[in-house]
Amino acid sequence: MNSSVVTIEARQAAGQRLRERVFRLATLAAALLVLLLLGGVVLSLVVGAWPALSHFKFSFLTREIWNPVTDQYGALAPIYGTLVTSALALLLAIPVSFGIAIFLTELAPAWLKRPVGVAIELLAAVPSIIYGIWGLFVLAPILQAHVQPALIAWLGPLPVIGKLFQGPPYGIGVLSASFVLAIMVIPFISAVMRDVFETVPDVLKESCYGLGATTWEVIWQVVVPYARTGMIGGVMLGLGRALGETMAVTFVIGNAHRIGSSLLAPGTTISASIANEFAEAVGDLYTSSLVALGAILFLITFTVIAFARYMLMRLERRALSNV
Amino acid sequence: MNETQEPTPEPRRTSNGNGNGNAAHGGNGAVPHGLRPRGEGGLNLKPSGRLNAIPTEARGTAPVDSSAPIENAVFRCRDVNVFYGAKQALKGVSIDVAPRQVLAMIGPSGCGKSTFLRCLNRMNDTIPGARVTGSIVLDGRDIYDPERDAAQLRARIGMVFQKPNPFPKSIYDNVAYGPRIHKLTRSRAELDDVVCSSLTRAGLWDEVKDRLGSPGTGLSGGQQQRLCIARTIAIQPEVILMDEPCSALDPIATARIEDLIDELREQYAIVIVTHSMQQAARVSQRTAYFHLGELIEVGETDRVFTNPRHRLTEDYITGRFG
């Protein structure tokens with residue numbers, strides 16, 4: 001009798017151990033799958049890009065030429081387009097997002113907070129193709145008719161930066177793509193910034209208010225320093241999205257494989273080139289060159305994220321050593 | 001004197017004292033007060049907010065005040081109501097704050113004492129949905145006058161919080177912060193003087209004089225709270241508000257802060273919210289008892305603790321609830 005109880009308990013224990021083992025292995029497999037997928041992506045990119053990279057060697061990165069007829073390919077124009085549109089988009093989006101986030105957390109009356117907050121979230125949910133169509137049919141004509149002529153007239157004659165605002169106002173081009181990208185990343189950056197600002201402890205803000213500080217002083221001397229790390233995170237999230245954005249950019253950038261000195265000129269980005277040309281790419285070298293572009297984009301994005309992580313780590317360490 | 005027995009339209013005027021204005025400093029415990037609202041439906045605290053809406057049998061909730069009005073009061077508060085959204089947190093509070101005196105506010109949690117304290121420097125402005133009605137007069141003008149700047153006001157009214165909350169800056173910069181934003185000093189030497197004298201008056205100078213550059217957050221809890229007090233007096237306020245300044249501190253640090261409060265009283269009006277009745281008895285000259293958003297009783301501390309006039313006050317200080 002006693003011994004049978006013991007066996008039942010032992011059997012139950014064994015069953016439990018087995019279940020735990022299976023569960024642990026299952027979660028391990030799920031985690032490994034991610035690594036496996038990432039490895040697979042990298043491997044297929046490298047294999048696919050190899051013919052082009054081995055053929056053009058380093059010059060693939062430094063040449064602007066992109067000629068399917070003569071089978072000559074260089075990635076400089078799309079790389080330039082990707083970096084410039086993303087940088088410009090951030091330049092436009094960061095101040096606006098910062099303003100939105102500060103307004104929503106510190107200044108807005110309670111009844112306005114929710115509608116604006118929801119509107120921002122909805123803006124983030126709009127599919128990128130919609131932004132593309134809107135950019136092409138609504139924004140680009142407006143830019144062409146009103147904004148770009150003014151830019152050419154005012155900024156064109158200036159030394160140094162004047163070069164960036166010369167040439168005919170096409171409507172579509174690098175600048176238009178940057179505008180659309182900026183509008184697309186604003187919801188992301190401002191949503192993250194708002195969440196970060198909301199984590200600033202009230203006691204810290206109140207101690208500053210209690211000394212007679214103005215809202216301006218509280219924002220710049222308490223809220224922003226406290227939230228700095230998170231703000232950078234938000235900006236990097238926006239940058240990641242801007243770098244990889246395909247559809248909307250393809251619509252408005254003009255898709256020209258060249259580096260115009262003017263921001264008003266058409267250009268291209270890595271993802272726009274791939275999306276545009278993959279269907280009609282004939283020949284191994286052409287296809288391989290497009291895959292190589294993809295590999296470069298992967299590398300750029302990876303670098304940006306790694307750099308962001310590094311910055312955050314440094315900031316965190318400094319914050320810790322301060323305490 | 002019998003005001004509280006008559007259903008006059010404005011029975012909350014606090015002039016039910018001796019009426020000759022000599023009650024200036026803390027009043028006197030001998031003020032006759034006809035009504036002793038014990039056992040007379042005193043617990044019937046309807047959230048009606050306005051006294052003239054309270055039926056006769058509930059008039060035991062009328063405030064008992066033996067010391068007001070105070071002639072040279074720093075703050076004169078009349079019929080102050082605070083709403084958080086639809087919820088009324090403070091109901092028709094009228095009280096004066098005397099100069100060079102500690103006014104302690106006691107009462108069970110949620111009774112509105114902190115809410116009232118935060119009215120005095122418009123800190124409730126920073127809470128969305130908060131609304132304040134009534135009048136709080138500081139040198140002849142209502143502090144909620146839309147033309148009055150909240151930041152300028154707060155520069156004259158220092159505040160010390162429940163949890164020590166130094167800025168994540170050096171000890172020096174913590175104290176120098178207020179003088180810097182208000183441009184109170186013209187030179188670095190002058191600023192050094194202000195920092196030194198503020199820290200000295202806060203009783204912290206000897207402990208930190210060799211490490212002014214190290215972060216204020218690295219100090220012990222009690223030191224941090226004294227740093228916060230130094231930070232507050234560096235802007236030379238006229239009033240110091242303290243919101244349970246010792247609740248996060250050990251007994252020794254608490255004793256030091258209480259000594260400090262006693263010294264600061266010579267120069268400032270101090271309003272302190274505390275959960276500790278012993279602390280209120282030790283540091284204050286006047287005590288106000290709040291219950292469910294209403295000011296139940298205010299008077300000389302000794303009198304309130306030895307001879308409370310209101311049933312609720314007595315129940316609280318004898319530990320029957322709270």
Side-chain angles (χ1 to χ4, degrees), chain A residues 100-118 120 194-232 312 314-323, chain B residues 84-85 117-118 120-131 149-170 173-182 184 214-219 224 227-228 231-237 240-243 248:
Chain A
I100 292 172
I102 285 286
F103 179 73
L104 285 182
T105 49
E106 304 294 325
L107 305 169
W111 58 270
L112 198 59
K113 276 184 189 181
R114 260 191 81 77
V116 177
V118 169
I120 301 265
R194 181 193 59 183
D195 292 349
V196 175
F197 290 156
E198 269 169 7
T199 65
V200 179
D202 284 338
V203 287
L204 218 54
K205 283 194 269 185
E206 282 178 356
S207 66
C208 199
Y209 277 123
L211 289 171
T214 58
T215 309
W216 172 263
E217 283 160 342
V218 170
I219 287 168
W220 286 105
Q221 292 164 13
V222 175
V223 176
V224 170
Y226 188 90
R228 200 168 35 199
T229 319
M231 287 166 65
I232 293 177
L312 291 180
R314 263 188 47 169
L315 277 173
E316 268 162 27
R317 207 174 305 148
R318 210 174 58 196
L320 279 181
S321 68
N322 265 349
V323 170
Chain B
Y84 292 128
L117 191 77
R118 294 166 60 91
L120 295 178
N121 66 346
R122 292 183 60 173
M123 198 56 97
N124 284 327
D125 288 14
T126 62
I127 298 174
R131 197 158 55 81
D149 182 49
Q152 289 307 313
L153 179 81
R154 294 190 194 114
R156 300 171 50 191
I157 304 166
M159 189 160 193
V160 179
F161 296 82
Q162 186 169 358
K163 230 181 113 206
N165 54 356
F167 299 124
K169 300 170 185 274
S170 72
D173 287 339
N174 260 283
V175 183
Y177 184 82
R180 273 187 183 137
I181 61 170
H182 297 299
L184 297 179
S214 53
T217 43
L219 298 171
Q224 285 190 21
L227 177 62
C228 291
R231 181 176 71 181
T232 300
I233 56 185
I235 52 172
Q236 292 150 17
I240 300 178
L241 310 177
M242 299 187 170
D243 192 355

Would you compute the distance between atom NE2 of B:His182 and atom CD of A:Glu217 and round it to the nearest 0.5 angstrom? 7.0 Å

For chain A, find which of B:Met159, B:Met123, B:Gln162, B:Arg122 contributes the most heavy-atom pairs closer than 4.5 angstrom. B:Met123

With B:Gln236 via side chain to side chain donor-acceptor pair (under 3.5 Å) - residues at least two apart: none

Ranked by heavy-atom pairs below 4.5 Å to chain A, first place among B:Ile181, B:Asn121, B:Leu241, B:Ile157 goes to B:Ile181

B:Arg231 versus chain A, the contacting section by heavy-atom distance below 4.5 Å: both

So the side-chain hydrogen bond (donor to acceptor under 3.5 Å, both in side chains) pairs with at least one residue in residues 103-113 of chain A (sequence neighbours excluded) are A:Glu106-A:Lys205

Please list, chain by chain and in numerical order, all residues satisfying side chain to side chain donor-acceptor pair (under 3.5 Å) with B:Tyr177, sequence neighbours excluded. A:Gln221

Checking B:Pro237 against chain A: side chain, backbone, both or neither under 4.5 Å from a heavy atom? neither

Closest non-hydrogen atom pair between A:Val222 and B:Phe167, with its separation: CG2-CE2, 4.3 Å

Among residues 207-216 of chain A, which residues come closer than 4.5 Å to chain B, judged by heavy atom distances? A:Ser207, A:Cys208, A:Tyr209, A:Gly210, A:Leu211, A:Gly212, A:Ala213, A:Thr214

